[in-house]
Amino acid sequence: MNKKQDQTEIRKDKLIKLRDSGIDPYPHSFENRIDAADALGMKEGKKLRVCGRVMSRRIMGKSSFVHIKDVSGQIQIFMAVDKLGKENYALFRDTDIGDFIGVEGDLFVTRAGEKTVMAETFIVLSKSLRPLPEKWHGLKDVETRYRKRYLDILVNPESSKILKARSIITASIREFLECRKFCEVHTPVLQDIAGGAAARPFKTLHNVYNTELYMRIAPELYLKRLLVGGWERVFELGTNFRNEGLSAMHNPEFTMLEVYAAYTDYTFMMNLAEELIKSVAAVMKEKSFPVSEDILGRWDRKDYWQLLKTHTGEDFSPEITYEEAKQKADKLNIPPGKDSLEKILDRIFSHYVEDKLSAPTFVTGYPSSASPLAKQSPDNPMIAERFEIFINGSELGNAYSEQNDPEIQKKVFLKQAGSNTPVDEDYIEALEYGMPPASGLGIGVDRLTMALTGAETIREVLLFPMLKPLNADSRE
RNA sequence: GGGCCCGUAGCUCAGCUGGUAGAGCACCGCCCUUUUAAGGCGGGUGUCGAGUGUUCGAACCACUCCGGGCUCACCA
């Protein structure tokens with residue numbers, strides 16, 4: 001079998017042929033080019049340089065049409081032997097779909113009415129060695145789309161659009177907060193105590209200190225140290241890591257926005273959160289994303305206990321005892337197991353209430369026992385000054401008046417301390433120096449992106465969602 | 001981790017009751033100077049996810065493993 005059948009082998013042969021004729025298949029630059037969208041806006045007869053990846057070819061003997069794609073879109077190129085010369089036209093015939101090329105020529109309009117560049121010269125900018133996914137059906141295989149995201153964003157415009165939405169969203173978040181004098185900071189990702197949330201952390205090892213470290217599960221405790229230091233308005237937009245299962249709503253690494261404002265309580269954060277999300281949503285809408293009117297309209301405010309009552313038909317109040325909760329869980333077919341009171345309530349809430357909260361809703365009245373870093377309500381110590389934000393039945397954010405009493409905080413920490421969560425004495429010490437009253441807000445940026453783009457799984461808004469690593473044998 | 005479903009050509013997918021694979025796009029050869037899912041003629045390029053078993057014979061049946069999807073569980 002002399003005949004090369006494999007598409008990659010055929011392309012490699014073309015690469016060798018290019019090199020043998022003294023052409024660099026990977027030149028360093030292509031200067032003075034304009035992008036496809038700008039080119040299409042220009043007048044007929046204009047000479048210009050465009051470049052991009054060959055996406056389709058229509059070869060008709062001595063002339064051919066190709067479409068090239070750049071970040072702005074696509075533009076058609078006309079390659080004709082009497083414009084390019086025999087040698088260059090032959091060179092063009094060896095280009096494949098997927099190759100990057102650069103072209104110079106005049107703009108003209110074809111019989112069919114499409115603005116097209118009449119190539120006078122053309123150059124290979126990067127030879128592609130593998131065939132691209134099919135032009136018409138695109139790339140559908142979910143696993144390949146996630147593992148080889150570069151192909152997904154290349155051939156599936158919808159994927160690209162949703163993923164790019166993240167950039168728009170983070171940029172608008174920054175703009176919104178910076179306008180309000182919040183200062184963006186970066187706190188440690190590697191922490192010796194993984195605090196600020198309750199989740200199993202990833203462990204890692206620092207060689208020089210020969211010590212175990214944890215990937216952060218939340219930046220919260222570091223950000224509040226900054227409040228101690230006198231920085232009144234800070235925010236961090238960064239990755240958290242939680243060593244837990246994956247689902248349509250969960251990825252082990254995810255992006256969190258945390259915002260803190262000194263001298264405010266959770267009512268301030270409620271307004272800020274609503275304004276923030278609405279302002280981002282407005283930007284998205286402007287960019288023609290299908291933002292639901294619910295988000296731009298009036299947001300509901302509902303009480304945790306009232307919601308439990310409404311959706312279970314059972315009577316719930318902050319004064320509920322462990323035994324009562326257990327009985328209700330039983331009645332509601334929620335196996336209580338060895339769960340604590342707040343965990344049982346949380347389970348019932350998740351099962352009966354969360355998916356009903358489709359319009360944007362602030363839920364308040366959470367039990368203090370489930371809110372260790374929050375201040376209690378002055379009216380009822382069983383209740384925390386806290387709210388969560390729900391949109392489309394998913395928990396999008398969490399906020400509270402921050403606990404700044406070092407003694408209460410320490411007691412709570414001691415009560416919760418276990419092998420996974422040792423007491424962060426250094427944080428308590430910081431509070432002992434004095435932290436101003438403050439409120440804090442956390443928003444899951446991935447979930448916010450889902451809500452604003454209509455993505456149904458978190459994987460669609462993550463460029464490279466976590467998948468099980470392929471073992472070395474089956475790796476290409 | 002449990003349950004259900006899926007894995008066939010580079011891509012998108014067919015493949016019946018078990019008889020050793022097929023289409024479109026892509027690719028290869030020839031023709032073609034305004035095409036655009038270009039067209040015409042000719043050509044399947046495959047470790048049917050992997051392995052074991054049942055069988056005269058396995059893409060198909062059974063079991064194990066690998067990877068994926070949905071779902072449940074886990075998840076302050």
Side-chain angles (χ1 to χ4, degrees), chain A residues 1 3-11 13-14 55-67 74-84 89 96-98 108-114 116 118 128-148 151-152 155-156 195-200 217-218 220 242-250 252 335 337 339-343 345-347 349-351 366-374 384 386 388 395 398 400 412 416 418 420-421 442 456-457 459 465 467-471 473-476:
Chain A
M1 275 266 237
K3 201 174 152 196
K4 291 279 177 65
Q5 306 282 17
D6 182 73
Q7 295 191 38
T8 298
E9 290 306 315
I10 292 163
R11 286 168 179 236
D13 286 348
K14 288 178 179 171
M55 298 307 286
S56 63
R57 311 195 300 161
R58 289 167 295 283
I59 293 174
M60 303 162 297
K62 295 187 176 62
S63 77
S64 305
F65 287 96
V66 304
H67 270 102
Q74 299 205 3
I75 187 164
Q76 184 167 254
I77 311 294
F78 184 61
M79 304 275 193
V81 68
D82 48 10
K83 264 296 194 211
L84 280 171
Y89 189 75
D96 291 298
I97 290 176
F108 76 107
V109 176
T110 64
R111 231 178 252 168
E114 180 167 351
T116 300
M118 173 84 71
S128 162
L129 299 180
R130 289 175 184 263
L132 254 34
E134 203 228 358
K135 60 181 169 186
W136 195 244
H137 298 94
L139 179 62
K140 286 190 176 168
D141 182 81
V142 175
E143 184 178 358
T144 311
R145 285 186 47 231
Y146 295 157
R147 287 198 196 276
K148 301 185 182 176
L151 294 179
D152 184 35
V155 303
N156 296 330
R200 219 180 325 162
I217 55 175
E220 174 156 356
R242 298 186 181 177
N243 207 337
E244 286 158 8
L246 289 74
S247 77
M249 299 306 299
H250 300 85
D339 292 331
S340 60
L341 168 60
E342 57 273 14
K343 184 66 208 168
L345 292 172
D346 183 51
R347 234 181 245 283
F349 191 87
S350 299
H351 191 267
Y366 283 89
S368 300
S369 57
S371 317
L373 297 162
R386 173 184 176 190
E388 290 208 348
E395 182 193 331
N398 184 19
Y400 32 82
V412 172
Q416 308 241 329
N420 280 335
T421 53
E456 292 193 349
T457 147
R459 290 168 171 188
L467 295 174
K468 199 162 178 172
L470 298 170
N471 64 46
D473 289 337
S474 56
R475 198 170 284 170
E476 282 184 62

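Note that the coordinates shown come from a computational prediction; the quantities given were computed from them, not determined experimentally. Chain letters run A, B, ... following the sequence lines, proteins first and then strands; every chain starts at 1.
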- Item | Value in whole Å for how far the C1' atom of U34(B) lies from CD1 of Ile77(A) | 14 Å
- Message: By the 4.0 Å heavy-atom rule, please label Glu114(A) as base, sugar-phosphate, or nothing.
- Response: base
- Item | Integer angstrom distance from the C1' of A62(B) to that of A26(B) | 38 Å
- Task: Name the closest nucleotide to the Gln76(A) side chain, picking from G68(B), C32(B), U35(B).
- Result: U35(B)
- Task: Just call it for Val81(A): base, sugar-phosphate, or nothing, with non-hydrogen atoms closer than 4.0 Å on any strand.
- Result: base
- Please examine the side chains of Gln76(A) and Arg58(A), heavy atoms only from C-beta on, and report whether any two atoms are closer than 4.5 Å. yes
- Item | Separation of C70(B) C1' from Leu246(A) CG (nearest whole Å) | 14 Å
- Task: Report the base-pairing partner of C27(B) (Watson-Crick or G-U wobble, both distances below 3.5 angstrom), or none.
- Result: G43(B)
- Whole-Å distance between C75(B) C1' and Asp346(A) CG? 9 Å
- Query: How long is the line joining CE of Met55(A) and P of C25(B), in whole Å?
  - Reply: 18 Å
- Distance between P atoms of G3(B) and A73(B) (Å, rounded): 15 Å
- Query: Counting side-chain heavy atoms from CB outward, which of U33(B), G68(B), U36(B) is closest to Met60(A)?
  - Reply: U33(B)
- Message: Roughly how many Å apart are G18(B) and U55(B), using the P atom of each and rounding to a whole number?
- Response: 16 Å
- Query: Going by heavy atoms in the side chains, are Val81(A) and Ser63(A) under 4.5 Å from each other?
  - Reply: no
- Mind calculating the distance between CH2 (Trp136(A)) and P (A38(B)) to the nearest angstrom? 9 Å
- Task: Take atom C1' in G44(B) and the same atom in G10(B), then report the distance between them in whole Å.
- Result: 13 Å
- Item | Closest to side chain of Lys135(A), choosing from A26(B), C32(B), G68(B) | A26(B)
- Using the closest heavy atom to pick a nucleotide of RNA chain B for each, name whichever of Thr110(A) or His351(A) lands nearer the 5' end. Thr110(A)
- Message: Could you walk me through whether Phe78(A) and Ser64(A) satisfy the side chain to side chain contact (heavy atoms under 4.5 Å, CB included) test, starting with their C-alpha distance in whole Å, then the side-chain angles of each, then the deciding distance to 0.1 Å, before giving a yes or no?
- Response: CA-CA 6 Å; Phe78(A) 184 61; Ser64(A) 305; over 6 Å; no
- Item | Shortest side-chain distance from Lys14(A), nucleotide among A76(B), A26(B), C28(B) | C28(B)
- side chain to side chain donor-acceptor pair (under 3.5 Å) partners of His137(A), counting only residues at least two apart: Glu134(A)
- Of Ser247(A) and Phe65(A), the one whose closest RNA chain B nucleotide lies more 5': Phe65(A)
- So do the side chains of Arg200(A) and Arg242(A) get within less than 4.5 Å of each other, counting heavy atoms only? no
- Query: Does A73(B) have a Watson-Crick or wobble mate here (both distances under 3.5 Å), and if so which one?
  - Reply: none
- Query: Between Tyr366(A) (OH) and A76(B) (C1'), how many Å, whole number?
  - Reply: 11 Å
- Query: Nucleotide by nucleotide, 5' to 3', does protein get under 4.0 Å of the base (B), only the sugar-phosphate (S), or neither (-) in nucleotides 6-12 of chain B, counting heavy atoms?
  - Reply: ----BBS
- Query: For A37(B), what is the paired nucleotide under Watson-Crick or G-U wobble rules, both distances under 3.5 Å?
  - Reply: none
- Message: I'd like the P distance from A58(B) over to A50(B), given in whole Å.
- Response: 15 Å
- Task: Answer whether the closest heavy-atom distance between the side chains of Thr116(A) and Val109(A) falls below 4.5 Å.
- Result: no
- Just wondering, do Phe65(A) and Arg57(A) contact through their side chains at under 4.5 Å, heavy atoms? no
- Task: For C48(B) versus U52(B), give the span between their P atoms, rounded off to a whole number of Å.
- Result: 13 Å
- Which heavy atom in Tyr89(A) sits nearest to a heavy atom in Met79(A), and how many Å separate them? CE1-O, 3.4 Å
- Item | C1' atoms of C61(B) and G40(B), separation to the nearest Å | 46 Å
- Task: Could you check how far CZ of Arg147(A) sits from P of G49(B), rounded to whole Å?
- Result: 17 Å
- From C75(B), G68(B), A37(B), nucleotide with atom closest to Lys343(A) side chain: C75(B)
- Query: Can you check whether Arg347(A) has a side-chain N or O nearer than 4.0 Å to OP1 or OP2 of A76(B)?
  - Reply: no
- Can you check whether Arg57(A) has a side-chain N or O nearer than 4.0 Å to OP1 or OP2 of C27(B)? yes
- Query: Is there a side-chain polar atom (N or O) of Arg111(A) under 4.0 Å from OP1 or OP2 of U35(B)?
  - Reply: yes
- Message: Would you measure the distance from the C1' atom in A9(B) across to the matching atom in A21(B) and give it in whole Å?
- Response: 11 Å
- Message: Of the options U36(B), A76(B), U34(B), whose atoms approach the side-chain atoms of His67(A) most closely?
- Response: U36(B)
- Have a look at Lys62(A) and say if it touches a base, only the backbone sugar-phosphate, or nothing, with a 4.0 Å heavy-atom cut-off. base
- Task: Check whether any side-chain heavy atom of His67(A) lies under 4.5 Å from a side-chain heavy atom of Ile75(A), and answer yes or no.
- Result: no
- When the distance from CD of Glu244(A) to C1' of A76(B) is rounded to whole Å, what number comes out? 10 Å
- Any donor-acceptor pair under 3.5 Å between the side chain of Arg58(A) and the base of U35(B)? yes
- Least distance between heavy atoms, Arg130(A) atom then Thr8(A) atom: CG-OG1, 3.9 Å
- For C65(B), the nucleotide meeting Watson-Crick or G-U wobble distances (both under 3.5 Å) is G49(B)
